[in-house]
Amino acid sequence: MKLTIGHLYPDLLNLYGDRGNIACLMKHCIWRGIEAETIEFNTGDQIDFSKLDIVLLGGGSDREQAIVCKSLLEIQSEFKDYVEDGGVVIAVCGGYQLLGKYYKTDAGMIEGLNLVDIYTEQEEGRLIDNIVLDSELVDMPVVGFENHGGRTYLNGNKPFGKVLYGAGNDGKSGYEGVVYKNVIGTYLHGPLLPKNPQVSDYLIRKALERKYGGEVILTPLDDSQEKEANDYIYHRFVKE
């Protein structure tokens, strides 16, 4: 089995260590004997979504998001087809905001890709803290760090998780991120996947099932160190 990961615009969207998410996905495949490769697509490159099994859209500043979105809007229909066909996407922070209809900032409106029926508006103050979620997708708590001025509204879509500690999408709803088909959008970074091995495996499993059909059961890995770090954060911010 083989998976191809597309890393979209790392020249602009790599503000929060998103290459760490790529490295984690690659290692989780290779340790299991699953062949994996990553293709980086920078601004100006042609993207063929039919050749991709997982797509990572990372974080960047508002200025960088505006630049990237101009390129992405040119391939919006192809990206939309990929998503609707069950393509796996992990979108972090700025990439998460770009999934929706728009991101309204003090400097103006950034048109979104409209891949998911959500929207984001900049509001006063930034939401900055460690964050812990309870997510239906995995058995472990999902932990990370958030730092965003935008407030994202889900319009009835399923959240990535319920906030146990932190602010989440808007600091009010008690939820964080979004799940739509095989798309996960989230404000959690730092990077996300090394701290949350079950989320990494969820993405890999969904990609393999889409590509090869049938239920996929992944070979267990020794995630003891990752689980120890995850458990420390959970007990530090939730259990104390």
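Just so we're clear, the structure is a prediction, and the values are computed from it rather than from any experiment. Numbering starts at 1 and runs along the sequence shown.
- How far CD1 of Ile75 is from CG of Asp81: 11.5 Å, rounded to the nearest 0.5 Å.
- Not one N or O on the side chain of Asn157 forms a donor-acceptor pair closer than 3.5 Å with the backbone of Val116.
- Comment: Glu40 engages Arg19 in a salt bridge, judged by a side-chain N to carboxylate O separation of less than 4.0 angstrom.
- Distance alone, capped at 3.5 Å, places no donor-acceptor pair between the Arg151 side chain and the Glu121 backbone.
- Contact annotation: the side chain of Val92 never approaches that of Leu57 to less than 4.5 Å [non-hydrogen atoms, C-beta and beyond].
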Let's go through Glu176 and Ile131 carefully: what are the C-alpha distance in whole Å and the side-chain angles of both, what is the deciding distance for side chain to side chain contact (heavy atoms under 4.5 Å, CB included) to 0.1 Å, and is it a yes or a no?
CA-CA 9 Å; Glu176 200 285 326; Ile131 182 167; 3.8 Å; yes
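- Residue-environment remark: NZ (Lys80) exceeds the threshold of 12 foreign heavy atoms within 6.0 Å.
- Both Ile30 and Leu218 are part of a single hydrophobic cluster, where members link through side-chain heavy atoms under 4.5 Å apart.
- Checked by atom type and distance alone, the side chain of Glu146 never pairs as donor or acceptor with a backbone atom of Asp129 at under 3.5 Å.
- One distance of note links NE2 of His28 with CZ of Arg32; it measures 6.5 Å at 0.5 Å rounding.
- Contact of the Asn182 side chain with the Lys206 side chain is registered, since non-hydrogen atoms from C-beta on lie closer than 4.5 Å.
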Side chain to side chain contact (heavy atoms under 4.5 Å, CB included) evaluation trace for Val178 with Phe160
CA-CA 5 Å; Val178 71; Phe160 181 31; over 6 Å; no
Worked verdict on Leu133 versus Tyr165 for side chain to side chain contact (heavy atoms under 4.5 Å, CB included):
CA-CA 7 Å; Leu133 310 178; Tyr165 179 89; over 6 Å; no
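- In this structure, Cys24 SG and Ile204 CD1 are separated by 7.5 Å, a value rounded to the nearest 0.5 Å.
- Within the 3.5 Å criterion, the main-chain N or O of Ile128 finds no donor-acceptor partner in the side chain of His148.
- The two residues Val163 and Gly168 have their closest heavy-atom pair at CG2-CA, 3.9 Å.
- Salt-bridge annotation for Lys211 and Asp53: present, with a side-chain N of the basic residue lying under 4.0 Å from a carboxylate O of the acidic one.
- For the atom pair CG (Asn169) and CD1 (Ile118), the distance works out to 8.0 Å, reported to the nearest 0.5 Å.
- If you check the side chains of Tyr96 and Thr120, you find no donor sitting under 3.5 Å from an acceptor.
- Closest heavy-atom contact between Asp18 and Gly58: OD2-CA, 3.3 Å.
- Nearest approach of Tyr187 to Gln97, heavy atoms of both residues: OH-NE2, 3.0 Å.
- Nearest heavy-atom pair across Gly20 and Pro191 is CA-CG, 3.8 Å.
- In terms of heavy atoms, Gly144 sits closest to Leu188 at N-CD2, 3.8 Å.
- Cys93 has its side chain out of reach of Asn147: every pair of non-hydrogen atoms, C-beta onward, lies at least 4.5 Å apart.
- Residues Val142 and Thr186 form no side-chain contact, since every pair of their non-hydrogen atoms from C-beta on lies 4.5 Å or further apart.
- A side-chain N or O of Thr43 and one of Asp11 form a donor-acceptor pair less than 3.5 Å apart.
- Taken together through direct or relayed side-chain contacts under 4.5 Å among Ile, Leu, Val, Met, Phe, Trp and Tyr, Val138 and Val88 form part of one hydrophobic cluster.
- Taking CD1 of Ile54 as the start and CD1 of Ile90 as the end, the distance is 10.0 Å to the nearest 0.5 Å.
- Two different hydrophobic clusters hold Met26 and Trp31 under the rule that ILVMFWY side chains link at heavy-atom gaps under 4.5 Å.
- Counting only distance, with no hydrogens or angles, the side chain of Gln198 and the backbone of Asp139 share a donor-acceptor pair below 3.5 Å.
- The closest side-chain heavy-atom distance from Glu209 to Arg205 is below 4.5 Å.
- By the 4.0 Å N-to-carboxylate-O rule, Asp85 lies too far from Lys181 to be salt-bridged with it.
- There is no path of hydrophobic side-chain contacts, each under 4.5 Å, that joins Ile233 to Leu127.
- At least one donor-acceptor pair closer than 3.5 Å links the side chain of Asn196 to the backbone N or O of Val143.
- Rounding to the nearest 0.5 angstrom, the gap separating the OH atom in Tyr175 from the OH atom in Tyr153 is 16.0 Å.
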What donor-acceptor contacts under 3.5 angstrom involve side-chain atoms of residues 1-10, with partners at least two apart or in another chain?
residue: Lys2; atom: NZ; partner: Glu37; partner atom: OE2; Å: 3.4
residue: Thr4; atom: OG1; partner: Glu37; partner atom: OE2; Å: 3.4

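- The ring pair (Phe, Tyr, Trp, His ring centres under 6.0 Å) test applied to Tyr180 returns no partner, not counting sequence neighbours.
- Of all heavy-atom pairs between Pro141 and Asn230, the closest is O-ND2, 3.0 Å.
- In this structure, the side chain of Asp223 does not engage the main chain of Glu226 through any donor-acceptor pair within 3.5 Å.
- Side-chain contact between Asp231 and His235 is present, with heavy atoms from C-beta onward closer than 4.5 Å.
- In this structure, Leu164 is a member of the same hydrophobic cluster as Phe237, with clusters built from ILVMFWY side-chain heavy atoms closer than 4.5 Å.
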Apply side chain to side chain contact (heavy atoms under 4.5 Å, CB included) to residues Leu72 and Phe79 and explain how you reach the verdict.
CA-CA 8 Å; Leu72 283 172; Phe79 204 166; 4.3 Å; yes
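- Here Lys158 pairs with Glu136 in a salt bridge; the nearest charged N to carboxylate O distance falls below 4.0 Å.
- Tyr102 meets the ring pair (Phe, Tyr, Trp, His ring centres under 6.0 Å) test with Tyr119; sequence neighbours excluded.
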